[in-house]
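Here's the structure, in structure tokens; my notes come after.
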Amino acid sequence: MDLITLSVIILFIPLLGFVLTLFTGMNFKWAFLIENVLIVLGFILSVVLLYNKLSGYLDTDIVSEFNWINLGIIPFFGEIIIKLGIKLDNVAVIMNFTVFLISMVVHLFSIDYMKGDKRYSRYFAYLGLFTFSMTGIVVTNNVLMMYIFWELVGLSSYLLIGFWFEKKSASDAGKKAFIVNRIGDLGMFAGILILFVTYKTFSFQEIFNAVAAGQLPFNSEFWLTITGLLLFCGAIGKSAQFPLHVWLPDAMEGPTPVSALIHAATMVAAGVYFIVRIFPILSGDALLIIAIIGAISAFIPATIALTQNDIKRVLAYSTVSQLGYMIMALGIGAYVFAFFHLITHAFFKACLFLGSGSVIHSMHHEQDIQKMGGLRKKMPITYATFLLATLALSGIPLTSGFLSKDGILAGTLAYTSLTGNWFFTFIGFTVAMLTAFYMFRLVILTFHGEPKNKEKYDHAHESPFFMIMPLVLLSGLSIFIWYTPNPFNADSGWVLSKWVKAPTLSVPESARYPFMVEEQKQESIVKQEEEVTFSHEYTHAMHSAHVPTIFLSGFVAGLGILFAFLFYQWKKLDPNKLAAKVKPLYNLSYNKWYFDEFYNSVFVGGTLAFSNFLRWIDNTIIDGIVNGSATLTRGVSKVSGKFDNGVVDGLVNFTAYFSGFIGLLFRKFQTGKVQTYIVLVIFSLLILLFLFKSF
Amino acid sequence: MTLYDIIFYLFALVTISSAYLVVTVRNIVYSAFSLLFTLFGIAGLYALLGADFVAIVQLIVYVGGILILMIFGVMLTNKITNVQIKTGVFQILPATIGVGIFGGFLLAVLLNTNWLNLNVKDSPATTFQLGQLLMNEWVLPFELLGIVLLIALLGAASIARK
Amino acid sequence: MVTVSLYHYLFVSTILFSLGIFGIVTRKNAVMVLMGIELILNAANINFVAFARYGNFGFQGQLMALFVIVLAAAEAAIALAIVLNIYKVFSSVNVDEIDRLKE
């Protein structure tokens, strides 16, 4: 079986599970097992796909497509053939593997977590639909299919976030996620249309080739930048980047395993993955804006996460922050590390969410960390896995998070050394410190110290096997050894040195970052056998930035952890006093920078005001015109009605009466009596005789 | 004014006056009786015209056959018990006008036409002559007439029995 | 001198014919209508015989009169059968009530 067929089968397995589970779930109690078995099967097949692709076709992309719609030649436009297809490169198969792994553990975790829910099998069906949509995004080779599955992801996130729709907050959160995403998708759609109008194709590779051949939207590099940014709008929505990040914390209203799925593998990863896909056509200006948005999205949620008390909200803001990291890394050219961080983050963030789900489950749906504490003794396995994942997220050496985060920070340093811009470096290290701080705050408040709620603490217990097993699996994947043999430098590992490589840029050289322009070979600077990313200059900068990053990032992470312990474990410092001292800042953070309030007053309120204004226009002007025209019409109709009744009807009636009169007259002759007819015959005969008489 | 003329006028008067009664009298039985006199008168006219055989046939067939048939019809189709053997008349006025004009027109034609008026001598033996004609040149119509009569009898019987 | 000529016979037949038509048109009873028809037939017969007497047709005129008498007999038989049927259906032989033709 060739890999395309295999990937198509993998793609449709979750859909099959969705359909079967949805339609059998009503009558069949064990319907959820279908979905679980199918998703495990899908995982096994995706492992097979990963293995075959990486062992057999390491450096070749497998592409297959077919004509879906052939509209023929359209006047003023040209030939339109819409194709669907599959593209399997290393990025796709690794992502596919990740999606199925996370999806599988989420499925298994949910078996116990959701037990007793009244829509149990429907929940699994939705999970299958979610997995299907994300897989479609991963394996597609064209931007149209990407968009279709993109919207499917939006739909399934809506279904799952609002899964407990009896709760108003949950249904609101579902709507919010859907609508906020739609705002971003609007930009993405516009970008796709620009691409299609310009290149008459949706295929990534054909678009890249056309851009590389010098064909640009509207023949200007500026419009290429605009197109890239419009496409990025979609990623802003899906990956919850700065202006549109507000939906993600609210999405915590969904079941916790769903949060794990959204945050780790499916939804928010889609945005980053999309940028990874279209990276070759992003111009330097577009990348700069992307990096700035990523930096803002990394920083603001990190500050918000410092003061939140809901265990899932802290994790949600950390997800936004980490996604901002990835976007920023893409924006400054650290392509491979961004993707690497996407993968490693998927594992440990899924572990963190499932761990929090385990905690919430055992605490009987208590989510406030101020009411927890001391759970270390009650839930040792959950604690261990949670701690491991936290270490990875904080970027402590020997974890996978260290490798990827370190790479990104090294990227920022290299960017600084190449351009002299310190902004991203500063943000990167600050956020790293903040991340370490709030994550350890979370761990300490949850698992260490004395239990604050004695009653709930006494009832707390370690979770069942199906909830523990995924935690162990995922925390195991947070260790460096799966990615590289060297715990301090991932460059020599198989993921970065062999599997993932930065793509060749298609953007015209004049529109790139200066350091991405391939200069003349400078073989004296870099050793020949090493891979070159973008340019020798950039590769060199990355190398030289690497060692300082290790120490610096280790230092800031340690600093963050130290402060966390000082504040919350050893109580040397009082967080409340600090909060009182910097009251405005604390309030800003605690109230999430007032984003929701701002959006509520400006956009929702503005929309309402505008709607009221429009309603006024509607009521007074439009309705006035309508009523006026109605009155006018009525007047005209009255006149024409009179005319109708008097003249036209008169004529018609006259005709009718006349006909009736004639009929009455002639009716006399039509008696049905033969003798009458004979009389008539006689008379007519007489007339004829008089006419033809010869005398 | 010869005896011939007197006899003609007598027969003509009988014929026309009884015919007038036929079409005007309300009582059907009277009407049928008047028809008897009409037919008698016509038979007399035939005799005056030298057609003795036709006159005899007229008496036998009409008076002896058809008229009896008519009276049978009258009897069968009127409820004797009610003694409602009268018949109504209608559209007298248009009929009178129409028939009057029509009859006048026919008379005008009659008087304005220059008829061949040979006044041939009568043959004493019309029966023999007619028999020869029937059996020679008119034999086919004669046979056909027989068939028509047969079919008519069968048809009448079958219709009346239904 | 005999004054009676062809004209006189034709005059009588014309009167008979007109009376026959008058009878057909005015009488309500179907049998009376049949009588009118008989009058018309007889008027025609008088013509035949008169033309045979005053014309040079030989005896063929009388022959034709014989044929007419025979056909009249047949006609009367069938017509009376029809009248009987009408009576069965409508319980009346009044022609003015039998106006199905109108519909």
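Since this is a predicted model, take the numbers as computed values, not measurements. Any value given below was found using the heavy atoms of this structure, including those in side chains, with hydrogens, waters and symmetry copies removed. Lettering follows sequence order; numbering is per chain, from 1.
Partners of Thr38(B) according to the side chain to side chain donor-acceptor pair (under 3.5 Å) rule, which considers only residues two or more places apart in sequence or in another chain, are Ser18(B). In this structure, the side chain to side chain contact (heavy atoms under 4.5 Å, CB included) partners of Tyr20(B), at least two apart in sequence or on a different chain, are Thr24(B), Leu19(C).
For a heavy-atom cut-off of 4.5 Å, chain C lies close to Trp138(B), Pro141(B), Phe142(B), Leu145(B) in residues 138-147 of chain B. Applying a 4.5 Å heavy-atom cutoff, the residues of residues 53-61 of chain B that approach chain C are Phe53(B), Val54(B), Val57(B), Gln58(B), Val61(B).
Of the two parts of Leu34(C), the backbone and the side chain both hold a non-hydrogen atom closer than 4.5 Å to a non-hydrogen atom of chain B. When heavy atoms are compared at a cutoff of 4.5 Å, Ile16(B) approaches chain C by way of both its backbone and its side chain. Neither the backbone nor the side chain of Ile151(B) comes within contact range of chain C, judged by heavy atoms closer than 4.5 Å. Using a 4.5 Å cut-off between heavy atoms, Leu10(C) contacts chain B through both its backbone and its side chain. Neither the backbone nor the side chain of Phe72(B) comes within contact range of chain C, judged by heavy atoms closer than 4.5 Å. Glu75(C) does not touch chain B: none of its heavy atoms, backbone or side chain, sits under 4.5 Å away. For a residue to count as touching a neighbouring chain, one of its non-hydrogen atoms must lie under 4.5 Å from one of that chain's; by this rule Ile15(C) touches chain B with the side chain only. Looking at Leu80(C), the atoms closer than 4.5 Å to chain B (heavy atoms on both sides) all sit in the side chain, from C-beta outward. Both the backbone and the side chain of Thr96(B) come within contact range of chain C, with heavy atoms under 4.5 Å apart. Looking at Leu71(C), only its side chain comes within 4.5 Å of chain B, counting heavy atoms on both sides.
Of all the heavy atoms in Ile28(B) and Met32(C), the pair that sits closest is CG2-SD, 3.4 Å. For Leu149(B) against Ala74(C), the heavy-atom pair with the smallest separation is CD2-CB, 4.0 Å.
For Asn85(C) (side chain) and Ile159(B) (main-chain N/O), a donor-acceptor pair under 3.5 Å exists by modelled atom type. Within the 3.5 Å criterion, the main-chain N or O of Ala51(B) finds no donor-acceptor partner in the side chain of Arg53(C).
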* Could you walk me through whether Phe8(B) and Val12(C) pass the side-chain contact (heavy atoms from CB on, under 4.5 Å) test, one step at a time? => CA-CA 10 Å; Phe8(B) 169 78; Val12(C) 172; 4.0 Å; yes
* Test side-chain contact (heavy atoms from CB on, under 4.5 Å) on Val99(B) and Thr26(C) and set out the steps. => CA-CA 11 Å; Val99(B) 171; Thr26(C) 55; over 6 Å; no
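Counting heavy-atom pairs closer than 4.5 Å to chain C, the top-ranked of the candidates Gly98(B), Gly100(B), Ala152(B) is Ala152(B).
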